[in-house]
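Starting off with a structure, shown below.
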Amino acid sequence: MIKGNVEGVRDSILAELDTIYSMTVEKGKLVSPEIVALITDITRVINREISVSIDRKGKILEVAIGDSNSVELPILEISNKKLSGVKVIHTHPTGYSKLSMIDISALLKLKLDAILAIGVGETDITGINIGYCKIANQELTYEEIENLSLEKVMAIDYLDKALEIEAELRKNDVIEDDSEYAIVVGVDSEESLDELEELARACDVNVAGRIFQKIKRIDNIFYIGSGKVKELALLRQIKNANLIIFDEELSGVQIKNLEAVTGCKVIDRTILILEIFARRARTREAKIQVELAQLKYRSQRLIGLGSVMSRTGGGIGTKGPGEKKLEIDRRRIKDEIFALRQELEKIKKIRALQRTKRESSGIPRVSLVGYTNVGKSTLRNLLVEMYPSDNTVKKEAVFAENMLFATLDATTRTMVLPDKRVTALTDTVGFVRKLPHDLIEAFKSTLEEVIFSDLLVHLVDASSETVVEQIKSVENVLTELGAIDKPTILALNKCDIATEEQINKLKELYSNMNIVEISAKNEINIDLLMDQITLALPRTMKKVEFLIPYSESSVNAYLHRNAIIESESYEADGTLIVANVSDEVYNRYSKFITKEI
Ligand SMILES: Nc1nc2c(ncn2[C@@H]2O[C@H](COP(=O)(O)OP(=O)(O)OP(=O)(O)O)[C@@H](O)[C@H]2O)c(=O)[nH]1
Ligand SMILES: [Mg+2]
């Protein structure tokens, strides 16, 4: 039986492929000319990969059809000290015989004796590449022999080689290195590429090399020019990288073509950012939103995470937040998107309910916004600690870390302003340039807190070389959210490490804004920031007179903590207090109010 994706393939072709099961391959040989002829002919007709798995005796184990760039492989026993005793021969309808990242991943994960890729040209074979496992520095890697003719391949007796590899395997405690080593490619600006490197590191990817080239025109086939592609393929080979990351969004076709030429997994900035979000998301809502964005981005590109990858592979772009393997089937994606949307709706309703509750309490709301890693969470933790409100239980501190996108879920806590008003303070996800549009869409509901805020504190890292661009990026996202016109304080954070020149330049550039320079980490000027916040928040304070019976001493104590007391006198039936109070205090003890002033 023919395995894999046989959908749409004519029965006569399937029958022809079925004849391969009755063929054998001479012991010690990798393949037979008949099998090669048959699978290349059929590949030309159906334009999909065909693979044949063969054991050491030359028996055919499985024949399978893939989609255009991946193919299904048999499930094999994989032991530590041995090869699987199976070789896989398969076609590349693209005409490139270079082993793809998926091929290599299959070779290593399944410990194949060998993997052969046959480049299928219009009339002839363009070449055959062979990959063998190899042990170097106790690590399992591979070697690739390129561009052989069929005659050359037929002259090889590979059994000795396989036994040699196995002897090495037995001698060494092989560590399988799953780490990713990437070449980053940029065409926009060096700064943007620097940031891409940071993003890669945030995703545990090692950056092994970088290529930067300004381009005049985007190439439909490769994005960059074909000369640069060659350079890229070479660099990736020299550096032994297993991942290429582009700083711009690529089309599905470009990804496929780049993978074919470089023999390496290719992703773009958006896929990387989505991956970081997927790894960091913690609440159910954030997880769903990221998964939705991933599904949407993938379905537009139908990035071929073929069955090989889903069975053997890991790494970026292969997993959703729930470690769920993503299928490329469009219909499945649609169903999944639908189900996720419904779940999201439910969560949204709950969130809306919580918000109405907060709104009716009349508590003013402040949101901290800003580029990623500027210190928002550090500031929020500090403010909540320095200005605690006693009607909230002390919740655990927000995760503040020197890494991009440490915070993904908007979290709200309360604090008390110097004028005793209780305020809700929300820490938000950090922004980044070229934030994928789908993600902004997806995060709109988390960022709703920003939309409904009374005041924004836009925190910036004043010590950053790219602070002005960062501010612009944040303003772009705020514009998209419709929150750009909100009252905003520009807080220049990290003033402890920023130079005077940097601070002065920012003050000059943003002279029309409310500016405070602070350090969240070293607690500098936090009181000034709080004064600004207090001034900027809309006042809904009321002046009222309370008469508190002597039996209610706790109310008296509460007012001292939560209201601004103007006068206090002791009367026959209780304490008479005149105070400025927030809506919250007003509502809470309205029964003791004797008059509004
Ligand atoms: N030198 C200095 N470092 C600071 C200051 N404030 C924060 N940091 C550091 O900056 C890094 C990022 O801080 P976070 O509070 O996690 O930043 P964030 O804006 O919440 O980041 P995301 O959640 O990733 O968007 C941490 O290593 C902090 O210790 C400061 O005033 N001075
Ligand atoms: Mg944070």
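We count residues from 1, following the sequence as given. Both counts, for ligands and for their atoms, begin at 1 and track the order of listing.
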For this session: Indicate yes or no: does an N/O atom of Asn522 lie under 3.5 Å from an N/O atom of ligand 1?
Result: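 No; the residue has no nitrogen or oxygen that sits under 3.5 Å from a nitrogen or oxygen of the ligand.
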For this session: Provide the number and element of each atom of ligand 1 under 4.0 Å from a heavy atom of Thr378.
Result: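 Taking each heavy atom of Thr378 in turn, ligand 1 has 7 (C), 13 (O), 14 (P), 15 (O), 28 (C) under 4.0 Å.
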For this session: Give the contacting part of Asn493 toward ligand 1: side chain, backbone, both or neither, where contact means a heavy-atom distance below 4.0 Å.
Result: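 Contact part for Asn493 vs ligand 1: side chain (C-beta onward).
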Exercise. N/O of Asp427 under 3.5 Å from N/O of ligand 1, yes or no?
Worked result: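 No.
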Exercise. Is Glu475 paired with Lys472 through a side-chain N to carboxylate O contact shorter than 4.0 Å?
Worked result: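 No.
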Exercise. Would one find more than 12 heavy atoms of other residues, nucleotides or ligands at under 6.0 Å from atom NZ of Lys239?
Worked result: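 No - once you tally the heavy atoms of other residues, nucleotides and ligands closer than 6.0 Å, there are 12 at most.
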Problem set entry | Proximal ligand 1 atoms for Thr372, defined as those under 4.0 Å from one of its heavy atoms |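 Result: 22 (P), 24 (O), 25 (O).
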Problem set entry | Atom indices of ligand 1, in the order listed, that fall short of 4.0 Å to a heavy atom of Ser377 |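 That gives atoms 15 (O), 18 (P), 20 (O) of ligand 1.
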Exercise. Under a 4.0 Å heavy-atom limit, does Ile497 contact ligand 1 with its side chain, its backbone, both, or neither?
Worked result: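 Within the 4.0 Å criterion, Ile497 contacts ligand 1 through side-chain atoms alone.
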Problem set entry | Short N-O contact, Asp219 and Lys228, less than 4.0 angstrom |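 The answer is no: the pair does not qualify as a salt bridge.
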Exercise. If you measure from the Lys or Arg side-chain nitrogens to the Asp or Glu carboxylate oxygens, is any gap between Glu195 and Arg269 under 4.0 Å?
Worked result: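 Salt bridge present between Glu195 and Arg269.
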For this session: Take atom CD of Glu501 as the centre, draw a 6.0 Å sphere, and report whether it contains more than 12 heavy atoms from other residues, nucleotides or ligands.
Result: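 At most 12 heavy atoms, drawn from other residues, nucleotides or ligands, come within 6.0 Å of this atom.
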Exercise. Under 4.0 Å between a Lys/Arg side-chain N and an Asp/Glu carboxylate O for Glu190 and Arg210?
Worked result: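 Yes, Glu190 and Arg210 are salt-bridged.
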For this session: Give the atoms of ligand 1, by number and element, whose distance to some non-hydrogen atom of Lys521 is under 4.0 Å.
Result: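 Counting atoms of ligand 1 from 1, those under 4.0 Å from Lys521 are 2 (C), 3 (N), 4 (C), 5 (C), 6 (N), 29 (O), 30 (C), 31 (O), 32 (N).
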Exercise. Taking N or O atoms only and a 3.5 Å limit, does Gly375 qualify as a polar contact for ligand 1?
Worked result: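 Yes, since at least one N or O of Gly375 sits under 3.5 Å from an N or O of ligand 1.
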For this session: Using a strict cut-off of 4.0 Å, indicate which atoms of ligand 1 neighbour a heavy atom of Ala520.
Result: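 In order of numbering, the contacting atoms are 6 (N), 31 (O).
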Exercise. Which atoms of ligand 1 sit under 4.0 Å from any heavy atom of Asp496?
Worked result: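 Near Asp496, meaning under 4.0 Å from one of its heavy atoms, ligand 1 has 1 (N), 2 (C), 30 (C), 31 (O), 32 (N).
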Problem set entry | Atoms of ligand 1, numbered as shown, that sit under 4.0 Å from any heavy atom of Ser519 |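 Those atoms are 30 (C), 31 (O), 32 (N).
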For this session: Examine the side chains of Gln254 and Ser251 and answer whether a donor and an acceptor come within less than 3.5 Å of each other.
Result: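 Note: Gln254 and Ser251 side chains meet the donor-acceptor criterion.
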Problem set entry | Exercise: do Thr270 and Glu249 side chains pair donor with acceptor under 3.5 Å |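 Side-chain D/A pair, Thr270 to Glu249: present.
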